[in-house]
Amino acid sequence: MSTLRFHAIKESLTRKPVRIEENERRSSIFGSNVFNEDTMRQFLTKEAFSSVMDAVQNGTKIDRVVADHISTGMKEWAISKGATHYTHWFQPLTGATAEKHDAFFEPIGNGRAIEKFGGGQLVQQEPDASSFPNGGIRNTFEARGYTAWDPTSPAFIYGTTLCIPTVFVSYTGEALDYKTPLLRALQAVDHAAVDVCKYFDKNVKKVNASLGWEQEYFLIDSSLVASRPDLVLTGRTLLGHSPAKGQQLDDHYFGTIPNRAMQYMRDLETECMLLGIPVKTRHNEVAPNQFELAPVYDEANLAVDHNSLLMDVMDKVAERHNFKVLFHEKPFAGVNGSGKHNNWSLSTDTGVNLLGPGKTPMSNLQFLTFFINTIKAVNDNEELLRAAIASASNDHRLGANEAPPAIISVFIGEQLTNVLNELEHVTNGKLSPEEKTDLKLNVVGKIPEILLDNTDRNRTSPFAFTGNKFEFRAVGSKANCANAMTVLNTIMANQLIEFKAEVDALIKKKDLKKDEAVFNILREYIKKSKNILFEGNGYGEAWEKEAKKRGLSNNKTTPEALKAKISDKTIKMFEQLGVMNKVEAEARYEIEMEEYVLRIQIEGRVLGDIARNHVVPTAVRYQNILIENVKGLKEIYGNDFKKYAQEQMQLIEDISKHIELINSNVTKMTNERKKANGIDDIEKKANAYCFKVKSIFDDIRYSCDKLELLVDDELWPLTKYRELLFTK
């Protein structure tokens with residue numbers, strides 16, 4: 001193995017940057033492989049084009065006859081771009097995307113063939129539903145499932161395949177994917193937000209949730225990754241001693257992008273332009289060999305699709321550049337992990353960002369309405385938000401190296417805190433003319449000036465207001481954004497429905513004017529939501545104790561966090577809003593708990609294999625070299641040999657101690673894993689893996705990492721952190 005390590009290092013050091021030629025302006029190629037509005041105008045009949053646009057804007061169904069016209073136009077466009085196959089592209093609950101390619105080619109007899117793609121093939125297909133995670137919704141022998149076209153996310157060509165974004169549901173209608181609940185949640189928040197917007201602007205007919213994600217990732221030479229079984233099989237290093245130099249000098253963040261990485265980014269960005277993914281920002285992140293890219297924000301459903309597609313494209317482009325992209329939230333201990341910050345807002349069809357302040361008191365009252373309702377929604381559903389970002393990999397990141405803690409809180413900054421404090425003391429009931437004037441001119445009216453230069457960033461806040469949007473920072477880099485976005489838009493829809501009902505009741509029963517009723521309800525919400533607001537550092541016992549006093553949850557592990565997804569409160573809310581029924585919610589809980597178990601199970605097996613079959617034999621080999629050295633010294637110096645062999649003998653003893661600890665702990669871990677595997681109840685099984693199996697990982701790692709420092713570098717089989725993190 002040591003020869004593999006040094007071969008990998010040598011190969012990585014001789015790599016040359018893959019030169020990328022960019023001959024066209026990016027604006028000229030943007031979306032050229034997307035069946036977008038401009039393309040549809042060229043390839044569809046007027047009736048077909050109107051039908052698609054009506055489906056996108058108003059959610060109307062597309063007639064099957066019209067679907068035939070759409071499919072014909074889509075096929076002709078795809079073939080003109082070199083496509084030979086089509087696929088329904090969907091996002092099952094595996095966390096990856098899925099696709100089955102079918103050729104346009106179809107024999108028609110007598111040795112002849114045509115290119116065929118009908119409306120039925122566009123609208124619906126039947127992949128095997130039992131082979132994807134389904135949480136017990138379908139039996140293995142009941143395989144049928146359906147993919148159905150989502151016209152709100154445009155089809156695109158990747159390689160030689162026409163990809164059609166679709167939902168994925170079971171034969172009995174339950175959602176088996178991430179997209180279906182997201183679309184339902186977006187519809188719910190649209191209707192609820194429009195109803196509240198009517199207080200301020202009667203012309204609003206639609207509200208869209210927007211999302212701008214920031215994708216963090218590590219870029220490691222593919223040969224170096226191939227020399228590490230743990231990286232290959234689990235996506236993270238299960239052992240490895242921290243290098244002398246890590247990120248402590250802060251010299252990587254926003255530094256000059258290494259040449260090989262820059263060529264990779266240029267190649268990736270070209271692919272993104274062709275696919276209509278509006279990537280705009282690239283930079284070095286905090287940890288060595290860690291980077292980030294971010295797009296311009298987009299409508300949430302499309303943004304989620306773009307992020308899922310991007311992760312596929314990143315992997316494929318990386319192969320051309322002899323890189324491996326690590327999306328794991330914590331691939332290396334002791335340095336920053338990777339997140340996928342979700343920047344979320346709501347905007348109207350009249351062009352107003354509902355979380356951006358305006359220039360008039362009325363527009364600012366609208367801003368405050370949505371701003372405070374968001375805080376209230378988070379306050380009332382903080383455990384569910386934590387559950388939305390729970391995974392075995394994200395558990396490693398949360399609360400470490402600048403990442404947000406597992407405690408969900410909201411950061412709004414000092415200036416907006418002062419505004420809320422002013423609003424908290426609004427008179428209960430009707431406002432005096434003086435109070436109305438003071439509120440509108442001196443509190444609400446000054447919000448644009450307050451936010452202009454005074455909004456701050458809080459790197460440790462899980463949910464922070466950043467001027468005209470909220471940034472959900474706790475989402476993990478591997479995650480499908482749909483999980484977090486489904487929950488966030490659902491709780492917001494639920495909150496806005498509750499808000500409107502309370503405002504309408506005050507207007508009707510208390511004879512209050514609209515703005516007075518709004519102020520009164522907002523005042524109560526501020527009082528009820530104070531516990532969720534936190535401006536300080538999210539690390540350490542002090543905040544944990546304070547959060548406990550405030551009644552905030554601190555679910556540090558996935559098995560603890562996921563319970564919120566199947567609480568009576570959660571299921572009731574999902575069902576009332578039509579986002580998920582009880583069967584779908586419970587199925588997702590089963591799937592995510594099962595995935596947690598499998599992830600820890602795989603890591604345990606890999607760690608045991610590396611520790612016993614790589615680390616221990618190497619340590620024994622080095623120990624034998626030391627023993628031979630001691631024997632030689634004894635032959636030369638006789639009884640005085642100990643004076644010259646003292647250090648070697650101490651090394652022999654230390655190595656023996658760590659070998660014994662490794663073997664005993666691996667045996668202990670294996671036994672605990674066997675016990676856990678015998679448990680049928682998924683909650684108990686997940687807890688056993690979390691608290692009995694995973695808890696031994698650190699003990700095994702400690703001894704392995706100590707041996708890394710003791711054993712001759714020439715013998716050590718595993719590529720070290722200094723080589724993984726600092727080979728450019």
**Q** Would Arg26 and Glu269 pass as an ion pair if we require N to O under 4.0 Å?
**A** yes

**Q** With a 4.5 Å limit on heavy-atom distance, are the side chains of Phe90 and Leu176 in contact?
**A** no

**Q** Looking at every heavy atom in both Lys565 and Ile571, which two are closest together, and how far apart are they?
**A** O-CG1, 4.3 Å

**Q** Count the heavy atoms of every other residue, nucleotide or ligand shown that sit under 6.0 Å from NZ of Lys205, and state whether that count exceeds 12.
**A** no

**Q** Quick one about Thr161 and His101 (side-chain donor to acceptor, distance below 3.5 Å, no hydrogens or angles considered), yes or no?
**A** yes

**Q** Answer yes or no: is there an ion pair linking Lys316 with Glu271, defined by an N-O contact shorter than 4.0 Å?
**A** no

**Q** Hey, are Arg588 and Glu584 close enough for a salt bridge, meaning a charged N less than 4.0 Å from a carboxylate O?
**A** no

**Q** Tyr178 and Phe168: aromatic ring centres closer than 6.0 Å?
**A** no

**Q** Without swapping roles, check the side chain of Ser71 against the backbone of Asp68 for a donor-acceptor pair under 3.5 Å.
**A** yes

**Q** Begin with the C-alpha distance, continue with both residues' side-chain angles, and end with the deciding distance and a verdict on side chain to side chain donor-acceptor pair (under 3.5 Å) for Trp344 and Asn489.
**A** CA-CA 9 Å; Trp344 170 86; Asn489 286 290; 3.0 Å; yes

**Q** Checking the side chain of Arg260 only, and the main-chain atoms of Asn322 only, is there a donor and an acceptor separated by less than 3.5 Å?
**A** yes

**Q** Regarding Lys340 and Asn394, do their side chains bring together a donor and an acceptor under 3.5 Å, going by distance alone?
**A** no

**Q** Checking the side chain of His85 only, and the main-chain atoms of Phe105 only, is there a donor and an acceptor separated by less than 3.5 Å?
**A** no

**Q** Quick check against the 3.5 Å criterion: does Gln42 have a side-chain atom that pairs as donor or acceptor with the backbone of Thr39?
**A** no

**Q** For Glu106, run the salt bridge (charged side-chain N to carboxylate O under 4.0 Å, His left out) check against Arg112, Lys116, Lys75 and tell me which one passes.
**A** Lys116

**Q** Do Pro154 and Leu302 come within less than 4.5 Å of each other through their side chains, counting heavy atoms only?
**A** yes

**Q** Checking Ser393 against Glu329: is there a side-chain donor and acceptor pair closer than 3.5 Å?
**A** yes

**Q** Just by distance, no angles: are the side chains of Asn301 and Asp150 close enough, under 3.5 Å, to form a donor-acceptor pair?
**A** yes

**Q** Any donor and acceptor pair, going by atom type alone, linking the side chain of Asn58 with main-chain N or O of Thr60 inside 3.5 Å?
**A** no

**Q** Would you find a donor on one side and an acceptor on the other, under 3.5 Å apart, between the side chain of Ser28 and the backbone of Arg25?
**A** yes

**Q** Do Gln91 and Ser308 have a side chain donor and acceptor closer than 3.5 Å?
**A** yes

**Q** Determine, stepwise, if the pair Val313 / Tyr158 fulfils side-chain contact (heavy atoms from CB on, under 4.5 Å).
**A** CA-CA 9 Å; Val313 175; Tyr158 192 59; 3.9 Å; yes

**Q** Assess the residue pair Val204 and Asp349 against the criterion (side-chain contact (heavy atoms from CB on, under 4.5 Å)); give the C-alpha distance rounded to whole Å, side-chain angles, the decisive distance to 0.1 Å, and a yes or no.
**A** CA-CA 6 Å; Val204 174; Asp349 57 346; 3.9 Å; yes

**Q** Is the number of heavy atoms from other residues, nucleotides or ligands under 6.0 Å of Lys206 NZ greater than 12?
**A** yes

**Q** Lys81 side chain to Ser32 main-chain N or O, any donor-acceptor pair under 3.5 Å?
**A** yes

**Q** Yes or no on side chain to side chain donor-acceptor pair (under 3.5 Å) for Gln495 and Asn373, after CA distance, side-chain angles and deciding distance?
**A** CA-CA 6 Å; Gln495 178 55 47; Asn373 270 283; 3.0 Å; yes

**Q** Above 12 or not: heavy atoms from other molecules or residues under 6.0 Å from OH of Tyr297?
**A** no

**Q** Quick check on Lys324: does its NZ atom have over 12 non-hydrogen neighbours (other residues, nucleotides or ligands) under 6.0 Å away?
**A** no

**Q** Show your working on side chain to side chain donor-acceptor pair (under 3.5 Å) between Asp305 and Ser153 and close with a plain yes or no.
**A** CA-CA 8 Å; Asp305 281 359; Ser153 184; 2.5 Å; yes

**Q** Between the side chains of Asn581 and Glu174, is a donor N or O closer than 3.5 angstrom to an acceptor N or O?
**A** no

**Q** Do Val352 and Phe200 make a side-chain contact, defined as non-hydrogen atoms from C-beta onward lying under 4.5 Å apart?
**A** no

**Q** Using a 4.5 Å cut-off on heavy atoms from C-beta on, say whether the side chain of Phe327 contacts that of Val325.
**A** yes

**Q** Determine whether the side chains of Asn203 and Thr350 contain a donor N or O and an acceptor N or O closer than 3.5 Å.
**A** no

**Q** Parallel, tilted or perpendicular: which one describes the rings of Tyr217 and Phe291, with boundaries at 30° and 60°?
**A** tilted

**Q** Classify the side-chain pair Asp54/Ser51 by whether it contains a donor and acceptor separated by less than 3.5 Å.
**A** no

**Q** For Lys61, does the NZ atom sit with more than 12 other heavy atoms under 6.0 Å from it, leaving out its own atoms?
**A** no

**Q** Less than 4.0 Å between a side-chain N and a carboxylate O, is that true for Asp504 and Lys500?
**A** yes

